[in-house]
Amino acid sequence: MQIAQVIVDIPTSQTNNPFSYLIPDNLSGQVSPGMRVQVPFGPRKITGFIVAITDRSEFQGKLKPISSLVDLYPVINQELLELATWMAGQTYSFKINCLQTMLPGGMRTKFKKKLIAKSDQIRDDNPQIFAGQNEVDYDRAHYSSNLLSQILNLQKTDQIKVEYELTIHAKPVMMAAFKRQMTPEALKAESQHVRSNAIAQQHLLKLLLDHPDEQFLQSKLNQKGISSSTTRVAEQRGWIKKTQVRQIRNPFLRSVKKSQPLKLNADQQAAVSQINSATSTKQNQIFLLEGVTGSGKTEVYLQSIAHALSLGRTALMLVPEITLTPQIVGRIRSRFGDQVAMLHSALSNGERFDEWQRINSGQAKVVVGVRSAVFAPLTNLGLIIIDEEHDSSYKQADNPRYQTRDVAKWRAAYHHCPVVLGSATPSLESRARAMKGVYRLLRLPHRINRHALPHVSIIDMKIEMAKHHSALSTALSTAISDRLAKHEQIILLLNRRGYSSFLMCRDCGYVPRCPNCDISLTMHKDTGTLDCHYCGHKEPIPRVCPQCHSKRIGHYGMGSQQLEEQVKEMFPTARVLRMDVDTTRRKGSHEAIIDKFGAHKADILLGTQMIAKGLDFPEVTLVGVLNADSALAFPDFRSSERTFELLTQVSGRAGRADKTGEVFIQTFNPDHYAIQLAQTQDYERFYATEMRVRHDGKYPPYYFTVKLTGSSPNENQTAAEMYAILNFLKANLSKMAIILGPTPKTITRINNRYYYQIIIKYQNEPHLKAVLDQVLLKSQKKQRHGLQIAIDNEPLDFM
DNA sequence: AGCACGCCGACT
DNA sequence: GTCGGCGTGCTC
């Protein structure tokens, strides 16, 4: 007897091990590992993933059979099944969550529970439940406890039936298609009978006679003026036969011209040949490709991918979330054409599903995508590239909290292929590994065509603010006027959305705060609301101070909206474009703004971080960073690294073509090393300085770290539980482990939950994994009291 | 997750 | 005496 081992869709530690189910005769031979199935689980039906098929089970009790199949083919291959097991352990999360993360959104299953009255009498006797319908959706939240017990009773007395309806959002698009049914002779005869003014019918007959073996899509026929009503008539008369054809949605909006490999300089050539030789010899080598902006990293990627393809293998290229702009995808597609699949968050569920299908079926050989694309079901991988490897979007913020780099390394080890980590400003972790020889360092120290780096000036805003209260320093506004006069373009960067403006009463100092979170509300002039960026709470902007009724309540701080207004006021003739979370929310608007600015239909582009990365505008000769320190102000050990990265990156935006660029960095900390060293783009000295800071502070990469966050609606309970965990950790870890906390988080209350955290820093703790697994297990029992524990292995920040 | 079983307070 | 509160454990 064949038995399926199933990871069921119930996120608890008890279900981290598979449950055994019998494979019924009617399904035998059809099931294989990686398929999803519907199984009985207690009184309910749920979905699960088959992870193995065995001929015996450890389980002593009676086995139930699988109810039905969700998939007709495996959606998770053997490699990814193994990866899920590793990842669950690595990230302290449940296997089921890892498996689900690997599938494109929209392929996830949802159950709808339905109540069905067994007779009209029963329906009419229970109007509160059925409201005259024979079948209703069951929604627990909508029923009173009285009604719930009533439903339970009806169920026990077998008067109603409960059904579980499975829904999957992503479905293939089917399109009607038609094939000739009659012989050409018969069709000719038909055309005699058709009225001469039935133009569409005549047209269709002619098409069928001219192309007797073609399959006509309805969409194609529509273009020729043959509507579905015509085809319906034709079908009735037996001219044609209707079938359904699967359509692949095409997320690539524009076609691209084919491009040829560029000539490499010596450094690029050296990098490409080392990577290619690792691919050829199936070496699981990790490369750190360090190259300043404009040094031609992308061409190295492209030629390494080409080599992997030439060996009949596939390639995966990962890019940061906001970088996946048409500019980059276009370059990849122009080289590799339709072999490229793209996976990113701007795709609709349907588009993502279709792209995933093209990968799973082996049609697509190159995948370009964001974080989650690291799970692309490519087989026979020959190369994995992670561009801008230091980028924070590679770490998933919620469960499973995986680091894309680590998943990529696991997959590369599985496939015996190289990984290329590329960056102008590598993370300290990666660079330190390269120095130790764990990774191989490849360098591209020169800008292509020997363009000079832009001239960077640092402006001390302490001095500026003593003179005036404008967001733009005198030097920067003079430079803007100058560029506007020369018809050159300008980028203004406002660091961080959180720096946006808030409301304050000038008489009593009252600041409106979120009722659910410990944070002040942010002003949004366009919607006329005060918003909380943590829980989404919104309220209207008050005209008078709610506390002292003064009318002198106004905004403080500088958001991108205010900046836009100020810039327009100062330079009334300039065409200004703003790009931030608010203006790019709509699908395609990000692209539209980039296109517009690229076509020089605007003079000034202002916005947040998202304009700093990956964009290439040759006409930009001036970049202004308005508040370089706001990242520095964060109470976190990575804030210097973040600041240096950002400043280096934006500076690279200026003067890429034949015009030399100029960069102004406005700051209140002109002497800070992250700002000083960004001025000269001196990564080497930054690395050395920052490593010393990390060493002295016992931070990564010198120490490994784990962050434990506990939260509950009751602050005292949260604190008490975290102290209990602290004691448990102290008792079970070595004396060498550094345990910090518990401390309330920077924003202690979010959505009426109180957050406390413990940080563990360690160099060698062989039992850590086992100890933390126990913490997690114990906390499961306490979850009923509202306590939640999250374990973040190697967190990006300590906040 | 959700449902059943089990042990203590206010009701016909 | 019982109905029902929700605290605990299990689901192949």
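Note on naming: letters A, B, ... go to the chains in the order of the sequence lines (proteins, then strands), and numbering restarts at 1 for each one. Owing to the predicted nature of the structure, the values given are computational and were not obtained by experimental measurement.
- Between D354(A) and R358(A), none of the side-chain N atoms (NZ, or NE/NH1/NH2) sits under 4.0 Å from a carboxylate O, so this pair counts as no salt bridge.
- Applying the salt bridge (Lys or Arg N to Asp or Glu O under 4.0 Å) test to residues at least two apart or on different chains, none of the pairs has a partner in residues 709-720 of chain A.
- Regarding Q788(A), its CD atom lies at a distance of 14 Å from the C1' atom of dA1(B), rounded to whole Å.
- Residue pairs meeting the ring pair (Phe, Tyr, Trp, His ring centres under 6.0 Å) criterion with at least one partner in residues 53-72 of chain A, sequence neighbours excluded, do not occur; the list is empty.
- The side chain to side chain donor-acceptor pair (under 3.5 Å) search around S119(A) returns none, not counting sequence neighbours.
- Atom NE2 of H785(A) and atom P of dC6(C) are 14 Å apart (whole Å).
- Distance L777(A) CG to dG9(C) P: 12 Å, rounded to the nearest Å.
- Counting only residues at least two apart or on different chains, the ring pair (Phe, Tyr, Trp, His ring centres under 6.0 Å) pairs with a member in residues 3-24 of chain A are F19(A)-F41(A).
- Straight-line distance from the CG atom of L115(A) to the P atom of dG2(B): 14 Å, rounded to whole Å.
- Residues that satisfy the salt bridge (charged side-chain N to carboxylate O under 4.0 Å, His left out) test with R123(A), not counting sequence neighbours, are D120(A).
- Separating the NZ atom of K45(A) from the P atom of dG2(B) is a distance of 17 Å, rounded to the nearest angstrom.
- Rounded to whole Å, the distance from NZ on K778(A) to P on dT8(C) is 16 Å.
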Return the polar atom pairs (N/O with N/O) between nucleotides 10-12 of chain C and the protein under 3.5 Å, or none.
unit_1  : atom_1 : unit_2 : atom_2 : d
dT11(C) : O3'    : G42(A) : N      : 3.0
dC12(C) : OP1    : P40(A) : O      : 3.3
dC12(C) : OP1    : G42(A) : N      : 3.3
dC12(C) : OP2    : K64(A) : NZ     : 2.6
dC12(C) : O3'    : S20(A) : O      : 2.9
dC12(C) : O3'    : K64(A) : N      : 2.6
dC12(C) : O2     : S20(A) : N      : 2.5

